[in-house]
Amino acid sequence: MLSAQYAPGEVEQRRYEQWVADGLFTADAASDKPAFAIVLPPPNVTGSLHIGHALDHTVQDALIRRKRMQGFEALWLPGMDHAGIATQNVVERQLAASGQSRHDLGREAFVEKVWQWKAESGGKILGQMTRLGDSVDWSRERFTMDEGLSRAVLTIFKRLFDDGLIYRAERIINWCPRCLTALSDIEVEHSDDDGELVSIRYGDGADAIVVATTRAETMLGDTAVAVHPDDERYKHLVGTEVELPLTGRRIPIVADAHVDPAFGTGAVKVTPAHDPNDFEIGQRHGLPSLTIMDEHGVITVHGPFLGLDRFEARPAVVAALRAEGRIVAEKRPYTHAVGHCQRCGTTVEPRLSLQWFVKTEPLARAAGDAVRDGRVRVEPPELTKRYFGWVDNMHDWCISRQLWWGHRIPVWYGPQGEVVCVGPDEQPPAGDGWTQDQDVLDTWFSSALWPFSTLGWPDETPDLAKFYPTSVLVTGYDILFFWVARMMMFGLYAMDGRQPFDVVMLHGMVRDQHGKKMSKSFGNVVDPLDWIDRFGADATRFTLARGANPGADVPVSEEWVQGARNFCNKLWNATRFGLSNGATVEGDLPTGDLSTVDRWILSRLQHVIAEVDEQFEAYELAKVCDTLYHFAWDDVCDWYLELSKGAMTPQRQRVLGHVLDQLLRLLHPITPFVTEELWTTLTGAPTLVRASWPAADQALVDDAAEREVADLQRVVTEVRRFRADQGVKPAQKVVARLEGLDAAGLSAHEGLIRSLARLEAPGAEFAATAKLSVGVGVTVELDTRGTIDVAAERARLGKDQAAAEKEAAQCRAKLDNPAFTDKAPEPVVEKIRQRLAAAEADLARITGQLDAL
RNA sequence: GGGCGCGUAGCUCAGUGGAAGAGCACCCGCCUUACAAGCGGGGGGUCGUUGGUUCGAACCCAACCGUGCCCA
């Protein structure tokens with residue numbers, strides 16, 4: 001027998017272990033069933049799962065579990081990425097605690113240490129995934145640094161290199177002076193920071209020109225001043241030279257169309273080695289690039305400032321200029337966008353350096369085309385614009401990182417300046433003087449291969465044949481650009497134009513109950529493990545799924561997860577009621593001699609199955625949850641079970657068993673644990689994980705039964721309303737006579753109406769003190785023994801009257817308008833006519849009751 | 001500065017041309033033998049503002065105000 005309350009802690013771990021032990025999540029590449037595959041966006045091996053992961057995983061698990069039940073060969077492939085910078089940072093911090101640096105250990109020993117950390121940290125995430133109930137295929141778990149995936153990295157690098165799509169060049173890149181590595185554009189986060197805007201006069205007298213800058217210290221590396229070619233103010237100066245203050249160097253004044261004449265004075269200083277725009281100006285005009293900082297952001301030139309950090313150098317340079325009378329204006333604070341390292345927050349320094357790049361133009365065009373021509377669908381479609389915005393304006397991708405943890409760039413340099421890219425099955429060149437590139441690849445370079453490297457590529461494995469392209473990729477819209485675009489580029493390139501996935505389903509970010517971003521500093525972070533401990537995995541999942549409107553952020557709160565927990569408990573108790581009342585799934589579902597109430601609930605069930613299927617296909621998980629929540633709670637619990645109390649028949653027991661069976665199946669993808677526990681108890685079958693998904697049966701749709709029960713509900717509700725307004729206690733029975741049941745087609749349900757509305761049959765001395773007329777044509781005469789509260793009744797009827805009057809007036813206004821009756825479609829006009837008739841009938845009825853009071 | 005969203009009940013959100021909805025919160029009454037993690041009833045919104053299109057606008061168009069995100 002089931003306990004009175006659902007206790008998730010007693011169910012979850014046991015069930016999960018059994019599922020895994022039984023191999024229920026293991027996919028079979030040799031199966032004849034159609035494939036449905038999802039690759040899990042790999043979490044960072046260094047991190048832990050936060051509530052955003054829980055959302056992402058819940059959505060994927062719901063999709064994969066349903067497909068598995070639908071008879072697909074369903075594969076959900078898990079794994080992690082190696083998170084180059086983050087992981088190296090963690091291990092370096094550990095070393096620093098004992099006063100060591102990675103250089104003390106040497107490259108090999110350091111990498112060995114990182115592997116140890118990976119074993120420790122990675123296990124944590126895997127444990128968290130089991131707590132969520134993720135139905136992933138653990139036998140196929142992968143890691144971006146494992147042997148197979150590393151081979152994939154080498155293979156694609158070599159292929160891109162040979163195709164001329166990977167090149168090495170000296171460019172301005174984003175440099176983190178703390179992590180001491182290059183970063184790609186997407187590893188830089190911009191924020192509006194307070195700074196200063198300083199206007200500096202270069203040159204003197206008639207030839208003086210004023211430039212404004214937020215980075216005064218970079219003037220030490222200026223090699224030109226630029227103005228717009230059409231700017232009349234400066235035309236006479238173009239081609240001349242001006243003396244650069246503090247340095248004594250003379251620099252040219254050049255004309256460049258990219259200068260905005262409206263900004264500041266219209267003249268800009270040009271520092272090609274420390275600003276990407278200036279670098280381009282420098283290229284166009286053949287200007288030298290003068291690097292004035294080292295890798296730590298420390299000034300390396302010009303005596304007085306030598307050795308100063310860039311942020312110390314700034315005020316020092318301004319002070320020196322002020323001493324020379326060259327500061328024309330200063331604005332402080334001056335808010336402007338500043339780039340920060342995504343990993344450590346340090347202000348990024350644009351730095352001229354020699355790096356490896358992927359030439360993205362042809363790859364990005366193909367990635368855009370795959371969506372443009374419909375081979376890949378983005379859900380929700382509104383977000384395709386953002387996708388195009390990214391792939392159509394992509395810069396070349398800097399892929400080299402000055403780290404030790406990652407895939408080392410497979411390029412060797414020879415003594416004569418040779419550059420050789422070594423493929424996965426090739427031997428590096430032997431002999432003296434050959435060295436391998438010191439750098440490793442961006443983590444995203446290997447993550448971009450995830451949808452096919454995890455399936456065995458570059459080998460032509462059965463997995464790859466069966467499961468590529470994967471069916472749907474689920475991730476947050478915040479990494480649409482970070483990752484999705486790159487998987488598209490590499491997938492299309494490596495797999496001969498075959499897309500890595502058919503659908504990209506984007507969800508939002510989890511926020512708190514006021515729509516605020518979760519952050520440690522704000523103290524509103526939810527730990528999914530904490531919720532699972534306190535409310536259960538199913539409640540946590542349901543809370544997230546119920547908020548998962550496509551593309552929209554998902555607000556959650558403790559109140560809501562309580563509500564979800566309550567819902568799980570409701571299911572528990574509904575099944576408990578069923579079991580103690582003989583609900584069964586044995587034998588065929590009787591269809592011949594069913595009562596109206598049974599036909600009604602079966603009919604409702606068919607609508608719900610159809611709706612849920614539609615909603616799942618549209619990735620509308622929030623709506624799936626809403627539909628099932630209301631069906632379970634309103635239709636099944638509040639009405640069907642209540643109508644069944646004291647009215648159990650063998651047919652009813654079979655129908656009730658069927659309804660519970662189907663409901664639990666429909667909910668299983670969202671709330672796997674409680675449904676598994678209940679369903680196996682109800683049916684005696686071993687597991688719901690691979691039970692078949694319900695299919696709607698049109699033959700069971702019964703409009704007449706639905707109408708009849710709706711009328712029954714209306715009578716009961718009207719009486720309950722009267723009772724509540726009259727202050728009649730719920731337990732108190734009221735003597736009443738029901739009239740008009742025959743005409744309303746409800747005579748068979750008098751007993752049900754009496755029990756749900758708590759009405760007793762009239763005796764000989766019955767004297768009606770109140771008369772209630774329900775819209776469906778039923779009149780209820782009640783004997784309240786003279787305790788009728790006339791004022792309360794008048795108020796109640798008054799409200800009804802006002803509502804009916806308003807309705808009638810609205811309809812009449814429409815029908816009196818010839819423009820409406822002429823132009824509106826006939827069904828609409830007819831509907832309004834019917835509404836008017838109904839409103840007028842209500843009005844007459846209510847007015848009659850008021851008069852009778 | 002450029003681009004993309006969003007503004008509907010106290011809170012969080014559905015609804016995208018023909019009757020203003022849900023969950024939670026709130027108010028009233030109840031331990032009615034599945035469930036107090038519950039049951040019954042109820043109040044609450046000129047759908048951001050102003051114009052326009054339409055017989056008809058929360059929904060389409062324009063402008064404005066507020067707000068969020070991405071990019072520079």
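Lettering follows sequence order; numbering is per chain, from 1.
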Asker: Would you kindly give the CD-to-P distance between A:E642 and B:G41, to the nearest whole Å?
Answerer: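 Distance check: A:E642 CD to B:G41 P gives 11 Å.
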Asker: Which part of the nucleic acid, if any, lies within reach of A:K645 when heavy atoms closer than 4.0 Å are counted: base, sugar-phosphate only, or nothing?
Answerer: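 If one applies the 4.0 Å heavy-atom cut-off, A:K645 turns out to touch a base.
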Asker: RNA chain B: A:E807 or A:G515, which has the more 5' nearest nucleotide?
Answerer: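 Here A:G515 is the residue nearer the 5' end.
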Asker: Strictly by modelled atom types, are A:W639 and A:D634 linked by a side-chain donor-acceptor pair under 3.5 Å?
Answerer: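 Side chains of A:W639 and A:D634: no pair found under 3.5 Å.
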Asker: Who is the Watson-Crick or G-U wobble partner of B:A34, with both distances under 3.5 Å?
Answerer: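 Here B:A34 is not engaged in any pair, so there is no nucleotide opposite it.
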Asker: Which part of the nucleic acid, if any, lies within contact of A:R565, taking any heavy atom under 4.0 Å across all strands shown: a base, the sugar-phosphate backbone alone, or nothing?
Answerer: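 Counting heavy atoms under 4.0 Å across all strands, the contact made by A:R565 includes a base.
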Asker: Please determine whether the number of non-hydrogen atoms from other residues, nucleotides or ligands lying under 6.0 Å from atom NZ of A:K331 exceeds 12.
Answerer: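 No, NZ of A:K331 has 12 or fewer neighbouring heavy atoms, counting only those of other groups under 6.0 Å.
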Asker: Touch check for A:P825, heavy atoms < 4.0 angstrom, all strands: base, sugar-phosphate only, or nothing?
Answerer: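 Base contact - A:P825 has a heavy atom under 4.0 Å of at least one base atom.
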Asker: Looking only at side-chain N and O atoms, does A:W560 come under 4.0 Å of OP1 or OP2 in B:A22?
Answerer: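 So the side-chain polar atoms of A:W560 never come under 4.0 Å of the phosphate oxygens OP1 or OP2 of B:A22.
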Asker: Is the phosphate of B:G38, meaning OP1 or OP2, less than 4.0 Å from a side-chain N or O of A:N566?
Answerer: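 So the side-chain polar atoms of A:N566 do come within 4.0 Å of the phosphate oxygens OP1 or OP2 of B:G38, strictly under.
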Asker: With both distances under 3.5 angstrom, what nucleotide forms a Watson-Crick or G-U wobble pair with B:A63?
Answerer: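 Pairing partner, where one exists within any strand: B:U49.
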Asker: Base, sugar-phosphate, or nothing: which does A:L383 touch, judged by heavy atoms less than 4.0 Å apart?
Answerer: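 No contact.
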Asker: Counting the atoms with a prime plus P, OP1 and OP2 as sugar-phosphate, which does A:D638 contact under 4.0 Å by heavy atoms, base, sugar-phosphate, or nothing?
Answerer: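 Here A:D638 touches the backbone only, sparing every base.
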Asker: Who is the Watson-Crick or G-U wobble partner of B:G40, with both distances under 3.5 Å?
Answerer: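 By the stated definition (distances under 3.5 Å), B:C28 pairs with B:G40.
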Asker: Provide the distance between the two P atoms, one in B:U16 and one in B:C4, to the nearest whole Å.
Answerer: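 Straight-line distance between the two P atoms is 23 Å.
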Asker: Identify the nucleotide, in any strand shown, that forms a Watson-Crick or G-U wobble pair with B:G17, with both distances under 3.5 Å; if there is none, say none.
Answerer: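 With both distances under 3.5 Å required, B:G17 matches none.
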Asker: Go nucleotide by nucleotide along RNA chain B from the 5' end; which of A:A819 and A:Y6 gets its closest nucleotide reached first?
Answerer: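 Closest to the 5' end, via its nearest nucleotide, is A:Y6.
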Asker: In whole angstroms, how far is the P atom of B:G42 from the CD atom of A:Q726?
Answerer: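 The answer, rounded to whole Å, is 14 Å.
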Asker: Using purine N1 to pyrimidine N3 plus N6-O4 or O6-N4 for Watson-Crick, or N1-O2 and O6-N3 for G-U wobble, both under 3.5 Å, which nucleotide pairs with B:A22?
Answerer: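 Check on B:A22: paired to B:U12, both distances under 3.5 Å.
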Asker: Which is true for A:R386 with a 4.0 Å heavy-atom rule: it touches a base, it touches only sugar-phosphate, or it touches nothing?
Answerer: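 The residue A:R386 makes sugar-phosphate contact but no base contact.
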Asker: For A:K570 and B:C35, is the shortest distance between a side-chain N/O and OP1 or OP2 below 4.0 Å?
Answerer: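 For A:K570, the contact criterion (side-chain N or O under 4.0 Å from OP1 or OP2 of B:C35) is not met.
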Asker: Considering only the C1' atoms, how many Å lie between B:C27 and B:G18, rounded to the nearest integer?
Answerer: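 Straight-line distance between the two C1' atoms is 35 Å.
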Asker: In Watson-Crick or G-U wobble terms, both distances under 3.5 Å, what is the partner of B:G68?
Answerer: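 Looking at the geometry, B:G68 pairs with B:C4.
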